[in-house]
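A, B, ... follow the sequence lines: proteins, then strands. Residue 1 opens every chain. Predicted model, so just to flag it, every value in this text is computed and none were measured.
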Amino acid sequence: MEQLNAYIDGELDSSLCKQLESHLETCTDCQVVLNTLNKTIELCRKDGRETTLPPDARQRLLASLGLDDDAQQEG
Amino acid sequence: MSNDNNTQTVELTALQRGDRGAFALMVDANSDQIYRLALKMLGNEQDAEDVLQETFIKAFKNIHRFEGRSKLSTWLYRIAVNESLMILRKRKGITVDIDQDFETDDGELMPRQITDWCCLPEKELMSAETRHAIDQAIKTLSDTNRAAFLLRDVEGLSTQEAAEVLNISESALKVRLMRARMALRESLTGYFSDKMQSKV
């Protein structure tokens with residue numbers, strides 16, 4: 001699993017990379033684990049990155065920092 | 001020095017001079033990601049807002065100590081993660097660590113479920129119900145593994161940056177990240193397998 005994760009991050013040593021890739025060609029289970037791991041990361045990233053600070057929370061933040069006027073000037 | 005570093009040096013000089021406009025710009029540039037991280041760490045909007053405010057209050061008070069050796073955003077993430085972990089420690093007992101579920105007796109991590117759900121249609125992979133399942137799966141990670149995963153895989157920090165935020169070695173970060181990814185994959189595989197079976 002350590003190698004699979006390093007492979008996903010592009011951090012696997014090139015000789016190990018070749019070994020893993022040739023193993024993947026014949027091992028369906030490992031292919032499935034790799035594909036679902038990649039998809040898991042992709043889905044979590046997509047889901048997470050769509051979260052933004054709601055406008056009313058932003059106003060409260062700026063007010064709590066005493067920056068409401070400065071933010072309006074910058075904007 | 002890269003353009004990014006030049007920009008940061010200019011910003012830092014202004015911030016350390018107490019320039020309110022520069023501080024407002026820093027808040028604007030970083031508030032979305034700090035809120036997002038806190039929300040996923042804590043699973044509660046009010047707590048995430050508290051962490052967000054506290055992060056910038058602490059940044060404002062301590063900006064003179066920041067030496068600019070890391071990115072400003074990395075430093076802010078570090079404050080936010082520490083604030084989030086403090087809240088989680090106060091909540092003790094609420095989180096359930098599922099990371100051990102697929103550990104063998106000798107401590108090796110092994111995937112349990114081998115179902116290929118990547119072929120499901122995109123609208124199903126990103127439905128509201130799936131997003132809820134993703135959020136639930138992230139919540140059940142241990143606090144430290146969740147932080148590693150959010151920083152590296154959601155926020156896109158490098159291994160070095162994420163390790164720096166958590167004040168751990170890169171190898172420790174990689175272990176936490178691997179455990180988090182494995183646990184999330186197991187959770188989502190269980191979720192999608194049920195969906196696929198219900199269609200048969």
Side-chain angles (χ1 to χ4, degrees), chain A residues 1-14 16-17 20 23-75, chain B residues 19-25 27-28 31-37 39-40 45 48-49 52-53 56-57 60 102 108-111 113-120 125-126 130-131 134-135 137-138 149-150 152-156 159 174-175 177-182 184-189 192:
Chain A
M1 285 313 299
E2 211 174 315
Q3 284 190 8
L4 219 47
N5 273 274
Y7 182 72
I8 286 172
D9 291 327
E11 292 173 356
L12 193 62
D13 175 83
S14 63
L16 287 174
C17 203
L20 179 67
H23 171 73
L24 284 167
E25 280 175 22
T26 54
C27 180
T28 319
D29 283 0
C30 282
Q31 280 172 28
V32 171
V33 172
L34 177 65
N35 291 342
T36 49
L37 255 181
N38 269 324
K39 202 70 183 174
T40 296
I41 295 167
E42 184 194 323
L43 293 181
C44 291
R45 180 175 297 142
K46 269 189 192 168
D47 173 60
R49 303 284 292 197
E50 283 178 13
T51 304
T52 54
L53 182 65
D56 54 337
R58 181 178 180 275
Q59 284 310 315
R60 284 194 291 276
L61 170 68
L62 294 172
S64 75
L65 299 170
L67 289 171
D68 0 18
D69 296 339
D70 300 270
Q72 275 167 19
Q73 282 168 21
E74 293 298 336
Chain B
D19 185 323
R20 289 164 57 86
F23 193 67
L25 282 175
V27 171
D28 249 355
S31 52
D32 271 344
Q33 55 262 45
I34 298 295
Y35 176 74
R36 185 164 63 213
L37 176 75
L39 185 61
K40 296 284 179 192
E45 289 172 5
E49 234 186 276
L52 180 67
Q53 286 185 10
F56 286 114
I57 288 169
F60 194 53
F102 43 86
E108 207 171 311
L109 298 179
M110 286 299 290
Q113 303 173 85
I114 312 287
T115 304
D116 193 358
W117 45 266
C118 295
C119 51
L120 284 166
L125 289 172
M126 281 314 280
T130 302
R131 283 165 191 263
I134 291 172
D135 287 343
I138 290 176
F149 178 77
L150 292 173
R152 182 75 178 84
D153 282 344
V154 177
E155 295 304 320
T159 302
K174 285 178 188 175
V175 171
L177 184 62
M178 176 174 68
R179 298 181 73 94
R181 285 172 173 174
M182 291 277 291
L184 292 170
R185 192 201 77 88
E186 290 293 334
S187 293
L188 290 188
T189 299
F192 286 121

Can you tell me which portion of B:Gln33 sits under 4.5 Å from chain A's heavy atoms? Options are side chain, backbone, both or neither. neither
Part of B:Ile114 lying under 4.5 Å from any heavy atom of chain A: both
Checking heavy atoms, do the side chain of B:Gln53, its backbone, both or neither come under 4.5 Å from chain A? both
Which atom names give the shortest non-hydrogen contact between A:Thr52 and B:Tyr35, and what distance separates them? O-CE2, 3.8 Å
So which part of B:Leu39 gets closer than 4.5 Å to some heavy atom of chain A, the side chain, the backbone, both or neither? side chain
What pair of heavy atoms forms the shortest contact from B:Arg36 to A:Gly48, and how long is it? CD-O, 2.8 Å
Which distance, rounded to the nearest 0.5 Å, do you find between the CG of B:Leu125 and the CD of A:Glu42? 8.0 Å
Could you pull out all residues at least two apart from A:Glu2 that satisfy salt bridge (charged side-chain N to carboxylate O under 4.0 Å, His left out)? none
Between the SG atom in A:Cys44 and the CG atom in B:Asp153, the distance rounded to the nearest 0.5 Å is 8.0 Å
Would A:Thr51 and B:Lys40 satisfy side-chain contact (heavy atoms from CB on, under 4.5 Å), going step by step from the backbone distance to the final call? CA-CA 9 Å; A:Thr51 304; B:Lys40 296 284 179 192; 4.2 Å; yes
Interatomic distance, B:Met178 atom CE to A:Ile8 atom CD1 [nearest 0.5 angstrom]: 11.0 Å
With side-chain contact (heavy atoms from CB on, under 4.5 Å) as the test, would you mind laying out the steps for B:Phe60 and A:Leu65 before giving the verdict? CA-CA 9 Å; B:Phe60 194 53; A:Leu65 299 170; 5.9 Å; no
Search all heavy atoms of A:Leu53 against all heavy atoms of B:Asp32 and return the closest pair with its distance. N-OD1, 2.8 Å
Once you round to the nearest 0.5 Å, how far does CZ of B:Arg181 lie from CD1 of A:Ile41? 4.0 Å
Is the count of non-hydrogen atoms from other residues, nucleotides or ligands lying under 6.0 Å from B:Glu45 atom CD greater than 12? no
Could you tell me which portion of B:Thr159 (side chain, backbone, both or neither) has an atom closer than 4.5 angstrom to a non-hydrogen atom of chain A? side chain
Going from CG on B:Leu52 to CZ on A:Arg58, what distance comes out if it is rounded to the nearest 0.5 angstrom? 11.0 Å
So, the side chain of A:Arg49 versus the backbone of B:Val154: is there a donor-acceptor pair under 3.5 Å, distance only? yes
Heavy-atom closest pair, residues B:Arg20 and A:Gly66: NH2-O, 2.6 Å
Looking only at side chains, do B:Arg185 and A:Thr40 share a donor and an acceptor under 3.5 Å apart? no
Under 4.0 Å between a side-chain nitrogen and a carboxylate oxygen: does that hold for B:Arg152 and A:Asp9? yes
Between the CZ atom in B:Phe56 and the CG atom in A:Leu61, the distance rounded to the nearest 0.5 Å is 6.5 Å
Have B:Gln113 and A:Thr36 got a donor and an acceptor in their side chains that come within less than 3.5 Å? no
